[in-house]
Amino acid sequence: MNRIKKILLLLLFPKIWLIIVLVPVSAALLIYAFAYKNAYAVLVYASYALSAYTLTVVCVRSPEIIKKIKAFINSNKFCKRYLNDLNYRSSFNLNLGLTVNVIYSVFRFISGIVYSSFWFGAEAVYYIVLSCIRILLVNKIKIEDSTAGWKVHRLCGAFLLLLNTTMSGIIIQILFKNETYHYNGIIIYATAAFTFWRLISSIIQVAKYHRKHSPVISAAVFLNLSASLMSLFALQTAMIAEFGADLNEGGAMNTATGIAVSAGVMCIAVFMLFRSNKMLTLKTESEEIK
């Protein structure tokens, strides 16, 4: 009896390093099982069993895992500052996003010249404008004067309207010239996971930060949401092309989503302009009264 108990405890409470190995392995097997129609039956059933076991041990060990993660964060200066210092976290995220956008915009710009593609050119312009907005926010993230901050917020709203123009060009290219994004093989699943994570996190950030913190950080939050919406549209077109949806049905879905994304970004930009003008007017009136 004691021997059985020990075996069960070992199965339910494996070493942390084993759980760390099990998570990516079970995830990879599940992706293989769902991605390939001709997958070996043995591997498919093994992936289901292993993923169920992994989920069970993660749930059982989650309190201990969370405790260890918190201890690691508190012992690491960068992680601790990143989680507790909003300005530092916003600055880091903006710099990271700026680096990625610049590299990708240069790549698309060169591709547009090499292949004489308006499609690549429009996408390059989109990421160039996005990079310009991020540069502005990176340089102004530490502004403490609220008046100057709201002016930056207003300028970002104007830039976002320009960004929506290039975005509309990309959407029109997709809808009327049958252009689309293409992701090969398993990459589309990874892209889908990242896109949904990015969209959900952007919505949470808007709910948490757009009213409680500086105008510059608020502008960065709205910018992330706008970029997430565009990524969602790009993902949808890629998935429709990949999985061979009916031409009329796929075109209707792309049209509806494209219009919704373009209108949504325009509403965000107009809201930023309206809000910043309102706050600047109130500050001007309060200063005149004083």
Side-chain angles (χ1 to χ4, degrees), residues 90 93-94 96-98 100-102 104-105 108 119-120 122-137 153-176 179-183 187-211 215-242 245 250-276:
S90 300
N93 290 340
L94 282 170
L96 181 62
L98 174 61
V100 173
N101 284 333
V102 168
Y104 192 76
S105 61
R108 282 305 195 189
W119 166 248
F120 287 157
E123 201 175 3
V125 172
Y126 168 79
Y127 282 100
I128 287 170
V129 175
L130 189 63
S131 298
C132 290
I133 303 175
R134 289 186 183 277
I135 289 171
L136 174 66
L137 292 174
H153 190 96
R154 181 173 61 187
L155 186 58
C156 285
F159 268 123
L160 201 55
L161 278 179
L162 176 61
L163 187 66
N164 191 54
T165 302
T166 61
M167 185 187 297
S168 299
I170 295 173
I171 292 171
I172 290 170
Q173 190 84 350
I174 290 173
L175 299 181
F176 295 102
E179 298 279 2
T180 187
Y181 288 86
H182 290 282
Y183 301 110
I187 295 176
I188 194 168
Y189 296 100
T191 303
F194 176 76
T195 299
F196 285 116
W197 171 81
R198 185 181 182 186
L199 179 64
I200 292 169
S201 63
S202 297
I203 293 171
I204 293 172
Q205 285 177 355
V206 169
K208 288 175 65 176
Y209 299 137
H210 86 281
R211 288 186 178 277
V216 178
I217 293 175
S218 177
V221 165
F222 282 123
L223 180 64
N224 288 336
L225 178 60
S226 301
S228 298
L229 291 175
M230 183 59 187
S231 297
L232 182 65
F233 174 68
L235 175 65
Q236 177 184 292
T237 63
M239 293 191 77
I240 288 174
E242 177 72 18
M253 289 175 64
N254 283 338
T255 301
T257 306
I259 292 172
V261 166
S262 183
V265 174
M266 183 175 290
C267 288
I268 291 172
V270 170
F271 173 75
M272 291 175 69
L273 291 170
F274 174 79
R275 185 185 177 201
S276 55

Handout entry: G258 backbone acceptor or donor facing S262 side chain under 3.5 Å
Key = no
Handout entry: Nearest heavy-atom neighbours spanning A219 and L137
Key = CB-CD2, 3.9 Å
Practice task
Check L273, L136, I133 against L155 for a side-chain contact (heavy atoms from CB on, under 4.5 Å) and give me the one that passes.
Solution key: L136
Practice task
Indicate yes or no: at least one non-hydrogen side-chain atom of R134 is less than 4.5 angstrom from one of N224.
Solution key: yes
Practice task
Work out which heavy atom in S226 is nearest to a heavy atom in I268; give both atom names and the distance.
Solution key: OG-CD1, 3.8 Å
Fill in the blank from the handout: For A269 and G157, the nearest pair of non-hydrogen atoms, with its separation, is CB-O, 3.5 Å
Exercise for the section: List the steps and the verdict of side chain to side chain contact (heavy atoms under 4.5 Å, CB included) for L223 and C156. Expected result: CA-CA 8 Å; L223 180 64; C156 285; over 6 Å; no
Exercise for the section: Might you work through the side chain to side chain contact (heavy atoms under 4.5 Å, CB included) test for F159 and L130, ending with a clear yes or no? Expected result: CA-CA 8 Å; F159 268 123; L130 189 63; over 6 Å; no
Practice task
Please name the residue in the list N164, V270, L225 that meets the side-chain contact (heavy atoms from CB on, under 4.5 Å) test with V265.
Solution key: N164
Practice task
Write down the atom of S276, the atom of R154, and the distance for their closest heavy-atom approach.
Solution key: OG-CB, 3.1 Å
Problem - Test log, rule side chain to side chain contact (heavy atoms under 4.5 Å, CB included), inputs V216 and H153 - result: CA-CA 6 Å; V216 178; H153 190 96; over 6 Å; no
